[in-house]
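These numbers come from the heavy atoms of this one structure, side chains and all, not from hydrogens, waters or symmetry mates.
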Amino acid sequence: MTAPGAPRGRAAGLLPGLMLLYAATSLLHFAHNAHYLADYPNLPPWLSQADVYLSWCGLSALGVAGFVLYRRAHRAAGLTLLCVYALLGFDGLLHYGRAPLAAHTAMMNFTIWAEVLAAALLLADLCVLAMRRARLA
């Protein structure tokens with residue numbers, strides 16, 4: 001049962017699950033990054049485990065804020081924040097700007113690409129929601 005005025009449709013129904021998937025894969029990547037910080041090639045020496053976890057908390061807060069806005073009928077603002085949240089899931093690819101794929105371990109590559117894939121799925125769902133919103137406007 002959905003709340004009155006809540007977004008409907010398949011894309012809206014998938015949104016919570018895709019957000020959880022992205023949050024989980026993002027946490028996996030950030031936790032792996034924090035735990036093996038010294039092993040990730042060419043990361044700045046000033047970066048600490050706490051910095052990595054604080055970044056994930058900030059990223060997650062952005063996603064939660066976007067979802068709350070979206071569900072509380074501030075659809076445009078919510079979709080905007082959620083799109084930014086999803087797009088930030090591609091920043092893990094910046095690891096490959098610091099060192100090639102082969103310089104990373106299999107687990108490093110797995111966590112990076114899992115986060116990117118989950119972010120892409122979330123972004124695709126958000127695009128469907130945004131297009132439907134534009135059509136209805």
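The two residues Ala34 and Tyr53 have their closest heavy-atom pair at CB-CE1, 3.5 Å. For the residue pair Phe30 and Ser55, the shortest heavy atom distance occurs at CE2-CB, 3.9 Å. Pairing each heavy atom of Leu129 with each of Ala12, the nearest pair is CD2-N, 3.6 Å. Nearest heavy atom pair, residue Ala76 against residue Arg133, reads CB-NH2, 3.2 Å. Between Gly13 and Pro16, the shortest heavy-atom distance links the atoms O-CD, 3.5 Å. Between Leu69 and Ala77, the shortest heavy-atom distance links the atoms CD1-CB, 4.2 Å.
Atom OH of Tyr70 is separated from atom OG1 of Thr80 by 12.0 Å, given to the nearest 0.5 angstrom.
Side-chain contact of Thr25 with Glu115: a donor-acceptor pair under 3.5 Å is absent, judged by distance alone.
With hydrogens and angles ignored, the 3.5 Å screen pairs no side-chain donor or acceptor of Arg98 with any backbone N or O of Leu43.
In this pair, His95 and Tyr40 present their aromatic rings tilted. The plane angle is within the 30 to 60° band.
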Practice item. Given ring-ring contact (aromatic ring centres under 6.0 Å, His included), test Tyr85 with Tyr22 step by step and report yes or no. Key: CA-CA 10 Å; Tyr85 173 63; Tyr22 171 51; 4.6 Å; yes

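By the 6.0 Å contact criterion, OH on Tyr96 is enclosed, its count of non-hydrogen atoms from other residues, nucleotides or ligands being greater than 12. Annotation for Tyr36: atom OH does not count as buried by contact number, only 12 or fewer foreign heavy atoms lying within 6.0 Å.
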